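Working notes, beginning with the structure itself.
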Amino acid sequence: MCGIFGIVCASKRDDLGEVMVRAARRLSYRGYDSVGMATFTGNGQIDLRKDVGDITKTNAQLHFDAMTGDRGLLQLRWSTFGRPSTTNAQPHLTMNRDMVGAHNGNITNNPFVREDLQAEGATFESENDGETLVLLVEKYLSRGMSPEEAYTQVSHDTEGDFAQVFMRRDKHEMYAAKMGSSLYLGLADDFICVSSDLPSILEFTRKYVRLENGDLVIFDDKNYRIFRLPEQQYVERPVTVSDIDIENANKEPFAHYFIKEIHEQVEGTHNLLSLYDGTSVWQDFIEALDSADRVFMTGAGTSYHALLLGAYYFNKLARLPVFPSWGSQMLPLYAASVREGDLIVLVSQSGETKDLMNVYEWAKAKGVARTFSVVNNIGSTLALHCDGMIPICSYLEISVPATKTYTNQVLCFLYAAMKLAEHRGIPYEGITWDDLHRVPRLIQETIEMSQQPVKELASVLLEHPSMHILGHDMTHPVAMEGALKMKEVVYNHPEGMYSSEFKHGPLASVDEGYPVIFVSLPENEDLVLSHMNEVICRQGIVVHVGQPSKGYDKIAHYKLPIPAMGNPYLRRR
Ligand code: BG6
């Protein structure tokens, strides 16, 4: 996905590099293939440093934190055009060496723009589309165009979704264009900065401006102006003062944010229940679900797994069938049949994920269906623009792999399914409000009782680059989420799938010592035991995650027990 950041200060700062490294660390989840930084050193020289690797490795080699200057920009790359290499790393210099820029996103017509520029005499140093964009901006600026005119031409020449930062030697200012990828402007006391995400801005200031697609912002250390490229006019955008205190967000006493946020699930679920119980914040969601002809729910990664579990809750408790999809799958799978009266629920922690923005923009342009967002970031595009929004109140998520936001998304759906059932007068069984309010305590117990068995199991699984994680019924999305978490954290290859499907082909991958993890509900014990036996026959390793029982205890080689809950709705990973 890549990340960009740019900053303009009043005069030379000896700590500019340190400031930029802090921003890069916040953005590090956006790209580990290469990192590059460029500053104007104060005497008009450009200091450009870039190399392959993540921010920790490249900073150790190139000492970004020692860079100085009055302006700087940086990029963290996740390769799309051109393999990870120093030359393909961004930022890129212009041909005249007077300007420098970097982008994130994709210029989908890059090969054609590049050919056109080459035909006009441009020479490229890399295969990267970021360089194409830099040379394109140079082409128009060097013709004497204003930034507004140059970027208008650039917007006509390029296709794709991206954002770019750019600076030049002869002007104490910076240009940043938002053309489909996220971009925020930060207003600090002594500088102005721009970044791909909000947490990296909040690192320095709580005052920010959310930019819109088609915005070009031209800024120095004190002033900025926003020019709308499509309408060719200047606009004012509201300045938001965030109440998120990122400076005080620290991981102590935990080793890293991932484990900290696992522990924060206890407080997070408690906060969500308190908010929902004490207000009618969920009311609009219930009404939207109840009045819709059909409900489509879409999300990416972890958010997809949460909504898939939500689909089980809505079906089982409120008799509401839901059409689930990945964000990128929603339109190919359902667009032709979405009609007036339908509801599209967009589920996202960040509220900015591009695949979901595409669905939102399609729905808005067509005007066919209502949109409702289930989000954590309540200042995000989806939160602000959908017809309705319900927050999941997980506060700031800093760890790249989602944990506490998944739990709160799931809890939000369970709460909504119970409310909807009551609203519709549908009697449901298997869960009570008291059960729901036991969730924070059950999470605490699960964390405590898992410590030792998790350590033992981890030392076994570490030996295996590949494994399957199987779930059945409501544990299927949990198995998928467990597999995603392992991929994101361990970089190995666990495959999450529906356990009954395992025998239709994938079972062939089991041989001596191959691990298969079963996430189970007591209700499905007979079925799961038979699936476990299929693995045992092939001398595979069987791991059981779930409420203990005599059957599982007898068969499974390793066990990760969770507390007995007495109902089927609260099982988790
Ligand atoms: C992916 C992340 O890019 O986006 C996943 O790697 C995340 O971890 C997914 O779950 C969706 O993000 P969001 O913010 O829309 O929930």
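All ligand and atom numbering here is 1-based and tracks the order in the structure. The shown structure was predicted, so the numbers you read here are calculated from the model rather than taken from an experiment.
With a 6.0 Å radius and a threshold of 12 heavy atoms from other residues, nucleotides or ligands, K57 has its NZ atom above the threshold. The environment of L333 atom CG is dense: over 12 non-hydrogen atoms of other residues, nucleotides or ligands sit within 6.0 angstrom.
How far CG of D51 is from OG1 of T86: 4.0 Å, rounded to the nearest 0.5 Å.
Residue pairs meeting the ring pair (Phe, Tyr, Trp, His ring centres under 6.0 Å) criterion with at least one member in residues 353-374, sequence neighbours excluded, are F285-F372.
In terms of the salt bridge (Lys or Arg N to Asp or Glu O under 4.0 Å) criterion, D33 has no residue partners (sequence neighbours excluded). Every residue two or more places apart in sequence or in another chain that forms a ring pair (Phe, Tyr, Trp, His ring centres under 6.0 Å) with F502 is listed here: H468.
Closer than 4.0 angstrom to ligand 1 by heavy atom are A300, G301, T302, S303, S348, Q349, S350, T353, E488, sorted by chain and number.
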